[in-house]
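To start, the structure under review is shown below, and the notes come after it.
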Protein chains: 2
Amino acid sequence: MTDPASVAFRSTCPLASVLDIIGDKWTLVIMRDMLAGKTRFSEFLDSPEGLSPRVLSQRLSFLESQGMIQKVQAGRTHPAYVLTDKAMELKEVGIRLAEWGLRHIPGRVSPYLDKFRDED
Amino acid sequence: MTDPASVAFRSTCPLASVLDIIGDKWTLVIMRDMLAGKTRFSEFLDSPEGLSPRVLSQRLSFLESQGMIQKVQAGRTHPAYVLTDKAMELKEVGIRLAEWGLRHIPGRVSPYLDKFRDED
DNA sequence: CAGTATCCATTTTGATACTG
DNA sequence: CAGTATCAAAATGGATACTG
């Protein structure tokens, strides 16, 4: 794996630094979709949140540069994006965030959460 | 930004919706400082990440409108901001994010993490 | 001290057209 | 299909002066 590209970390605080990598509204959504089995560019574009190809492309590149995802392309097939082990270590955090959302935000619906939990 | 903000949720997904509330680079940093015992406006401004009074004010108002923090003002004393129980339920998530940062981002330093862990 | 107001630069985004 | 290019619009941010 290549060295992660440098990020302009605001401090040496580990929490703030993690946020410098995944602290936005899109990154964990993309990772959620990967966890749900999506691998292709067009599949991510189809998410209900509706992100643009521009933003998706930017996030994928950045996440790859940070060693969070890997772009796999075998021959002439469609590229597949998969989470690295490093990123998978955030799965539990994602589940807990979603559970918090279910508890505290009315009207949330989660078809996949039970499935994710069971895989642990 | 004084209106009791309703959030423009992008979807009914609980994870995406949580990110619509705390999905940025500043919110969890402010909550971290509250967890560390800070309660006052000027204390938050002193954080090593260096946020402006403008951003701080915006985030505090929004978080209060979302029931994440409470502004406590007794008489003529300085206002104190404290996390609600609802927000405290994200403490464990914050700890896990910080631990991930310590493991995967070189050079991170965390004087308070052990303390936070012990309080659980 | 606790914020708010202002000004302005930078970033981010959306929509969409376009290319291999 | 998998992106990139482009352009305008909007959100966000920093710095700082200012008020009760």
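Order of the sequence lines sets the chain letters (A, B, ...), proteins ahead of strands, with each chain counted from 1. Model, not experiment: these values are computed from the prediction.
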Do other residues, nucleotides or ligands put more than 12 heavy atoms under 6.0 Å from D118(B) CG?
-> yes
Enumerate all atom pairs, one protein N or O and one N or O from nucleotides 6-12 of chain C, separated by less than 3.5 Å.
residue, atom, partner, partner atom, Å
dT6(C), O4, R54(B), NE, 3.1

For DNA chain D, the expected dot-bracket line (Watson-Crick or G-U under 3.5 Å, [ ] crossing, | inter-strand) is ||||||||||||||||||||
Please figure out whether H78(A) or S61(A) has its closest DNA chain D nucleotide nearer the 5' end.
-> H78(A)
Is the closest side-chain heavy-atom distance between F41(A) and H78(A) below 4.5 Å?
-> no
Do you know which of R59(B), Q70(B), K71(B) makes side-chain contact (heavy atoms from CB on, under 4.5 Å) with E64(B)?
-> K71(B)
Mind checking Y81(A) for me? I need base, sugar-phosphate or nothing, with any heavy atom below 4.0 Å counting as a touch.
-> sugar-phosphate
Would you indicate whether F9(B), at its atom CZ, is surrounded by more than 12 heavy atoms from other residues, nucleotides or ligands within a distance under 6.0 Å?
-> yes
F41(A) side chain, from C-beta outward: closest of dG3(D), dG3(C), dG14(D) | dG3(D)
Lys/Arg N to Asp/Glu carboxylate O, R103(B) vs E89(A), below 4.0 Å | yes
Remember a base hit wins even if backbone is also touched, and classify P53(A) as base, sugar-phosphate or nothing at under 4.0 Å, heavy atoms.
-> base
In terms of side-chain geometry, is the basic nitrogen of R117(A) or E99(A) positioned less than 4.0 Å from the acidic oxygen of its partner?
-> yes
Give a yes/no on whether any side-chain N or O of S42(A) is located under 4.0 angstrom from OP1 or OP2 of dA2(D).
-> yes
